[in-house]
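The figures here come from the full heavy-atom set of this structure, side chains too, leaving out hydrogens, waters and symmetry mates. Order of listing sets the numbers, starting from 1, for every ligand and every atom in it. Small disclaimer: the values here were computed from a predicted structure and weren't measured.
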Amino acid sequence: MQHFPIFVALAGRRVVLSGGGEAACAKLRLLLKTEAHLTVFAPDPAPDIAAWAAEGRLRLLRRAMEPGDTTCAALFYAADEDVAEDARTSAIARADGALINIVDNLGDSQFITPAIVDRDPVTVAIGTEGAAPVLARSIKADLEERLPTRLGLLARVGKRFRCMAAALPAGRKRRDFWADYYYEAGPRAVEGVETGDAEARAQGALNDLLARHLSEDEAPGHVFFVGAGPGDPELLTLKARKLLDTADVVIHDRLIAPEILDLARREARMISAGKEGFGPSVAQSEINDLILQHVKAGAQVVRLKSGDPGVFGRLDEEIEAVSAAGQPYTVVPGITAAASAVAGIGQSLTQRARNASVRLLTGHDMKGFADHDWTALAKPGEVAAIYMGKKAARFIQGRLMMHGADPATPVTVVENASRADQRVIATSLSGLAAELTAAQLSGPALLLYGLAPRAAAEVIPELPRQEVL
Ligand code: SAH
């Protein structure tokens with residue numbers, strides 16, 4: 001980010017602009033929305049500028065800007081649309097300590113003016129660092145359409161009510177109250193109402209809501225065991241997305257992609273429970289305690305697990321702890337790594353005439369490398385999705401071959417399934433261990449035993465991020 005967005009307090013401060021043409025008018029139209037004292041230098045001003053001056057909305061000096069003209073100015077706009085003149089005026093303003101913007105000269109400007117969606121006091125500023133003004137305009141148009149025109153009025157009335165709302169305890173209760181006002185009761189109260197009456201209606205809605213929220217008991221805490229899917233944020237369920245939006249606390253595994261964590265409510269407390277394969281991990285009992293501590297304090301706790309919480313996610317241990325403490329919980333399923341990995345190679349987990357069942361296996365369990373029914377797995381046509389199998393690959397390979405599996409059985413390793421850095425290694429049982437060592441995978445990887453990437457050339461280009469090694 002080369003430009004950091006801020007909102008500058010301009011009420012009562014000096015803003016100076018040099019220029020009298022189109023560019024000057026465009027900037028002034030925005031600046032006139034503020035409570036700044038505007039001074040414009042223009043020997044030959046456009047009629048609009050002269051009219052604003054006549055209305056007393058800005059001070060117009062019909063001459064070129066000179067040293068001393070920008071004393072105490074907070075902002076300066078060089079809008080003469082003339083490279084030499086803009087350089088001259090901006091040098092004067094810079095010497096006077098004003099922040100300068102030169103129209104259509106990003107490189108020499110100290111700040112830029114964003115595209116603005118104005119629902120005063122709600123203001124949305126959109127910037128693209130000069131990269132894509134067209135995009136900024138289309139985002140603006142989109143927001144203009146989506147944000148209720150009365151939002152500003154609701155916010156103004158809401159602002160005056162803030163001290164009244166302090167009667168509600170800070171935290172979720174107060175947040176629920178405001179959400180109710182802005183999204184439900186407020187818009188309902190002012191819909192189709194004449195401007196003059198709308199403020200009173202909004203005020204009435206606030207009074208009623210406050211009385212109702214004050215009389216309601218504190219909502220109890222709740223634990224949501226939520227599947228975050230394999231990594232691509234677009235593979236989150238809508239439920240997961242909504243819960244992240246409203247969570248008070250998010251306790252997440254280390255595997256969860258940062259793009260997904262970014263979706264959590266900004267005020268939510270993010271706690272990494274750091275469980276990961278063989279790596280250093282937080283003890284399960286500590287995670288249980290953490291969940292309980294927050295849910296007992298009345299928080300909406302999202303326990304975010306990679307993939308599906310019910311697949312190698314130690315879900316039961318956490319559910320038992322939560323229910324033993326008498327706390328309510330809900331499980332929200334997610335897309336498990338196996339589902340995502342087969343999608344990544346254009347295959348399915350089961351197929352008529354090939355395999356009528358599929359196994360989800362773990363490469364290691366609490367005792368070390370996990371043992372399985374190798375004899376059954378070694379039969380032709382079997383398919384297994386092996387989780388946490390990177391380190392155990394040599395062991396699995398050895399056991400299966402020992403039990404008579406065909407060394408040519410296809411095995412596909414999918415690393416970082418669904419993520420931008422997804423990698424696919426297509427090998428066979430006999431080549432598995434060596435190929436895995438050679439590939440030096442650093443991300444989570446799933447072994448698909450008995451499946452090769454779909455060979456059909458026409459499928460591969462359709463699969464995003466497909467890289468067959
Ligand atoms: N509950 C998770 C699995 C947790 S166990 C799920 O349903 O997917 C962790 C293992 O899952 C990793 O060792 C890896 O084998 C697998 N895994 C998780 N995310 C993955 C991804 N994006 N790509 C490949 N494998 C993944």
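- In this structure, Ser306 is part of the shell of residues with a heavy atom less than 4.0 angstrom from ligand 1.
- Residues Asp142 and Arg146 are paired through a salt bridge, judged by an N-O separation under 4.0 Å between the basic side chain and the carboxylate.
- With respect to Asp373 and Arg399, no salt bridge is recorded, no charged nitrogen being found less than 4.0 Å from a carboxylate O.
- Panel note: side chain Arg119, backbone Glu144; a donor-acceptor pair is recorded below 3.5 Å.
- Only the backbone of Asn416 comes within 4.0 Å of ligand 1, judged by heavy-atom distances.
- Side-chain atoms of Tyr449 never come within 3.5 Å of backbone atoms of Leu429 as a donor-acceptor pair (strictly under, hydrogens ignored).
- Short contacts between ligand 1 and Thr336, defined as distances under 4.0 Å to a heavy atom of the residue, involve ligand atoms 6 (C), 7 (O), 8 (O).
- Looking at Glu415 and Lys390, no side-chain N of the basic residue comes within less than 4.0 Å of a carboxylate O on the acidic one, giving no salt bridge.
- Ligand 1 has no atom lying under 4.0 Å from any heavy atom of Lys305.
- The ring of Phe111 has its center closer than 6.0 angstrom to the ring center of Tyr77.
- The distance criterion of under 3.5 Å between nitrogen or oxygen atoms is not met by Ile386 with respect to ligand 1.
- Enclosure of atom CE in Met402 by more than 12 non-hydrogen atoms of other residues, nucleotides or ligands within 6.0 angstrom is indicated.
- Taking every non-hydrogen atom of Val414 and a distance limit under 4.0 Å, the qualifying atoms of ligand 1 come out as 24 (C).
- Taking only nitrogen or oxygen atoms, main chain and side chain alike, Pro230 reaches within less than 3.5 Å of ligand 1.
- Among Ala417, Ala338, Gly443, Ala445, the residue whose heavy atom lies closest to atom 21 (C) of ligand 1 is Ala417.
- Side-chain contact of Asp289 with Gln293: a donor-acceptor pair under 3.5 Å is absent, judged by distance alone.
- Ligand 1 has no N or O atom lying under 3.5 Å from any N or O atom of Tyr387, backbone or side chain.
- Smallest separation of non-hydrogen atoms from Gly158 and Tyr182: CA-OH, 4.0 Å.
- Of all atoms in ligand 1, numbered sequentially from 1 with element shown, those under 4.0 Å from a heavy atom of Arg419 are 22 (N).
- Below 3.5 Å of separation, one finds an N or O of Met388 facing an N or O of ligand 1.
- Shown in contact with Phe312 at under 4.0 Å from a heavy atom are these atoms of ligand 1, numbered in order with element: 4 (C), 5 (S).
- For Gly231, no nitrogen or oxygen atom sits less than 3.5 Å from a nitrogen or oxygen atom of ligand 1, counting backbone and side chain alike.
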